[in-house]
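What follows is a short report on a single structure.
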Amino acid sequence: MAFNNVGPLTFLAPGQTAFWFYTYGEDHGTQFASADIKTPNLGAVHLADDQRKRKDNNGNATYFVAIHNQGVGGCFHNLQGGGMS
């Protein structure tokens, strides 16, 4: 299941990093998230890495991702992504 425009808009200046987590309340298998970059974009290039998953004993899974701005300018983003199917 793909998703776009999830979470609050977050501004990243050049060199800044945002750390995100999201959950479905249950395990949805492998998930990937990246930056849903908004316009105007002042030269931002957002890199998603450090994808992680935690599964609790009750079956709930939480997913984590770090978004880094490697560009020369800033812009807003939130998350987009989905499962590996």
Could you measure the distance from the [atom1] atom of [X] to the [atom2] atom of [Y]? Nearest 0.5 Å is fine.
X   : Y   : atom1 : atom2 : value
R52 : F19 : CZ    : CZ    : 8.0 Å
F3  : L79 : CZ    : CG    : 6.0 Å
M1  : Q31 : CE    : CD    : 7.0 Å
N69 : T17 : CG    : OG1   : 8.5 Å
H68 : D49 : NE2   : CG    : 3.5 Å

Quick check: do Q80 and N5 have side-chain heavy atoms less than 4.5 Å from each other?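 No; the side chains remain at least 4.5 Å from each other.
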Tell me, please, which residues at least two apart from T62 pass side-chain hydrogen bond (donor to acceptor under 3.5 Å, both in side chains).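 With neighbours one apart ignored, the set is R54.
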Please enumerate all residues that pass ring-ring contact (aromatic ring centres under 6.0 Å, His included) together with F11, with sequence neighbours excluded.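 Partners of F11 under the ring-ring contact (aromatic ring centres under 6.0 Å, His included) test: F76.
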Applying a strict under-4.5 Å side-chain criterion to I, L, V, M, F, W and Y, I'd like to know whether I37 and W20 cluster together.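 Different hydrophobic clusters.
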Test of understanding: clusters of I, L, V, M, F, W, Y form through side-chain heavy atoms closer than 4.5 Å, transitively. Do L12 and V6 belong to the same one?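 Yes.
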Test item: [X] side-chain N/O and [Y] main-chain N/O as donor-acceptor pair under 3.5 Å:
X   : Y   : result
H46 : S34 : no
T23 : A61 : yes
Q51 : A33 : yes
D56 : N58 : no
N78 : A35 : no

After noting the C-alpha distance and the side-chain angles of V65 and D50, does the key distance pass the side chain to side chain contact (heavy atoms under 4.5 Å, CB included) rule? CA-CA 5 Å; V65 62; D50 203 14; over 6 Å; no
Classify the angle between the aromatic ring planes of F64 and F21 as parallel (below 30°), tilted (30 to 60°) or perpendicular (above 60°).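 Ring orientation of F64 relative to F21: tilted.
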Return the orientation label for the Y24 and H28 ring planes: parallel under 30°, perpendicular over 60°, tilted otherwise.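 Rings of Y24 and H28: parallel, under 30°.
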Can you see which heavy atom on G71 is nearest to which on P14, and at what distance?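 In this case the closest contact between G71 and P14 is O-CB, 3.4 Å.
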Indicate whether the side chain of N60 and that of D27 have a donor and an acceptor atom separated by less than 3.5 Å.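 Distance-only check fails for N60 and D27.
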Restricting to pairs with a member in residues 35-46, which pass salt bridge (Lys or Arg N to Asp or Glu O under 4.0 Å), not counting sequence neighbours?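 Qualifying pairs, neighbours excluded: D36-K38.
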